[in-house]
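Structure first, commentary second.
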There are 2 protein chains.
Amino acid sequence: MTTLNRPGTPAGHVCGIDTAMEVIGGKWKVLILWALHEHPCRRFGELRRLIPGITEKVLASHMRELEADGVVHRVAYDVVPPRVEYSLTEDGKRLNDALQPLAAWGRERAAG
Amino acid sequence: MTTLNRPGTPAGHVCGIDTAMEVIGGKWKVLILWALHEHPCRRFGELRRLIPGITEKVLASHMRELEADGVVHRVAYDVVPPRVEYSLTEDGKRLNDALQPLAAWGRERAAG
DNA sequence: GTGGGTGGTTACCCCGAGGTGAGCAAGCAC
DNA sequence: GTGCTTGCTCACCTCGGGGTAACCACCCAC
């Protein structure tokens with residue numbers, strides 16, 4: 001979701017949901033967040049296997065964006081073969097918590 | 001967000017966030033929901049004015065989708081000039097409630 | 001030497017969400 | 001007759017997020 005950035009926009013500026021939507025707006029981001037919530041500290045390949053259908057390119061770019069947004073922490077070990085571990089930051093954990101009611105709404109609707 | 005629909009996908013199927021994301025995935029949907037939360041029962045033109053930047057075409061298509069998803073209720077009066085009123089359904093109100101923690105997270109982050 | 005495993009990058013393409021601008025129905029005011 | 005109003009629809013175009021495939025470094029096992 002491209003930012004709205006309209007200083008005079010009351011709804012867009014006050015509600016704060018658009019801020020959150022910019023972070024979780026990618027196609028697979030909530031799934032990545034969820035996977036890291038259920039399986040803390042996963043490697044790149046493990047994440048890819050946890051999220052069937054995602055390609056390496058998209059996973060890599062999403063992880064870079066999530067890291068830049070400060071919700072995911074990345075640790076790279078300088079070994080061969082490469083080893084990189086991802087985990088949620090405190091902010092990422094709080095974001096995940098904030099997503100729980102939404103998940104509950106979705107589950108309720110899916111069950112309904 | 002296109003659906004993932006992979007029966008064997010544990011994360012995608014269990015977490016239910018993807019279900020919610022399909023409903024709120026449009027660029028302006030959360031803003032529409034928010035506007036209807038703060039100003040119940042608004043007309044088309046009022047909504048457009050409440051959400052600066054949105055075009056009529058996109059507002060119309062988003063409203064149709066939200067109505068089809070059962071979160072928005074639409075009443076059209078057969079008069080000239082046309083009069084159409086939109087409001088949140090019970091499900092829409094619950095969706096909005098589920099979005100509040102996310103909004104709080106966004107506000108907190110925007111406040112730095 | 002060849003193949004596999006790891007975590008990527010690069011180049012390329014495609015499709016669809018969203019933006020642009022016009023038009024329309026029908027009644028009223030002037 | 002002209003213009004204003006409202007809630008759209010239609011045709012057209014753009015742009016970028018995401019998908020596809022190939023390639024890379026570096027070491028090990030066979």
Side-chain angles (χ1 to χ4, degrees), chain A residues 1-6 9 12 18 21-33 35-36 39 41-69 72-87, chain B residues 1-6 9 12 18 21-33 35-36 39 41-69 72-87:
Chain A
M1 180 178 286
T2 50
T3 174
L4 307 172
N5 281 351
R6 303 253 285 160
T9 309
D18 49 348
M21 289 302 287
E22 284 173 26
V23 176
I24 61 171
K27 180 171 176 183
W28 307 87
K29 296 232 180 126
V30 293
L31 262 30
I32 295 171
L33 256 21
L36 280 177
H39 312 270
C41 202
R42 289 285 134 170
R43 302 183 55 178
F44 185 87
E46 292 174 321
L47 276 178
R48 182 169 32 115
R49 267 169 259 127
L50 282 172
I51 307 170
I54 196 171
T55 64
E56 297 183 341
K57 173 203 162 190
V58 171
L59 179 55
S61 71
H62 278 182
M63 293 318 290
R64 262 183 276 120
E65 290 172 16
L66 290 172
E67 190 196 3
D69 283 330
V72 154
H73 185 56
R74 183 191 131 114
V75 182
Y77 302 88
D78 196 9
V79 294
V80 164
R83 176 184 190 85
V84 180
E85 285 178 355
Y86 295 97
S87 54
Chain B
M1 179 176 285
T2 50
T3 174
L4 308 172
N5 281 351
R6 303 254 284 159
T9 310
D18 49 349
M21 290 302 288
E22 284 174 25
V23 176
I24 62 171
K27 179 172 176 182
W28 306 87
K29 297 235 178 122
V30 293
L31 263 30
I32 295 171
L33 257 20
L36 280 177
H39 313 270
C41 201
R42 290 285 133 170
R43 301 182 55 180
F44 185 87
E46 292 174 322
L47 276 179
R48 183 170 32 115
R49 267 170 260 125
L50 282 171
I51 306 168
I54 196 169
T55 65
E56 297 184 341
K57 174 204 159 187
V58 171
L59 178 56
S61 71
H62 277 171
M63 293 318 290
R64 262 183 276 118
E65 291 173 13
L66 290 172
E67 190 197 2
D69 283 332
V72 153
H73 185 55
R74 182 193 132 111
V75 182
Y77 302 89
D78 195 9
V79 293
V80 164
R83 176 184 188 85
V84 181
E85 286 177 356
Y86 295 97
S87 54

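In what follows, every heavy atom counts, from backbone to side chain, and hydrogens, waters and symmetry copies are set aside. Numbered from 1 within each chain, the chains take letters A, B, ... in sequence-line order.
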B/S/- along nucleotides 5-10 of chain D (protein heavy atoms under 4.0 Å) is BBSBSB
Please name all residues satisfying side chain to side chain contact (heavy atoms under 4.5 Å, CB included) with A/V84, sequence neighbours left out, ordered by chain then number.
A/R74, A/A76, A/Y86
Quick one, A/L31 and A/L50 - any side-chain contact, counting heavy atoms below 4.5 Å?
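No - every pair of side-chain heavy atoms lies 4.5 Å or more apart.
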A/I54 side chain near A/L47 side chain, heavy-atom distance below 4.5 Å:
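No - every pair of side-chain heavy atoms lies 4.5 Å or more apart.
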From [atom1] of [X] over to [atom2] of [N], roughly how many Å is that when rounded to an integer?
| X | N | atom1 | atom2 | answer |
| --- | --- | --- | --- | --- |
| A/D78 | C/dG8 | CG | P | 12 Å |
| A/E65 | C/dG8 | CD | C1' | 15 Å |
| B/K27 | D/dG16 | NZ | P | 11 Å |
| B/L59 | C/dG18 | CG | P | 12 Å |
| B/I51 | C/dG18 | CD1 | C1' | 15 Å |

Sort and list the pairs that fulfil side chain to side chain donor-acceptor pair (under 3.5 Å) and have at least one residue in residues 76-85 of chain B, not counting sequence neighbours.
B/Y77-B/E85, B/R83-B/E85
A/E65: which residues meet the salt bridge (charged side-chain N to carboxylate O under 4.0 Å, His left out) condition with it, sequence neighbours left out?
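Result, salt bridge (charged side-chain N to carboxylate O under 4.0 Å, His left out) vs A/E65: A/K29.
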OP1 or OP2 of C/dG18 sitting under 4.0 Å from any side-chain N/O of B/H62?
yes
For B/R64, which residues count as a side chain to side chain donor-acceptor pair (under 3.5 Å) partner, sequence neighbours excluded?
none
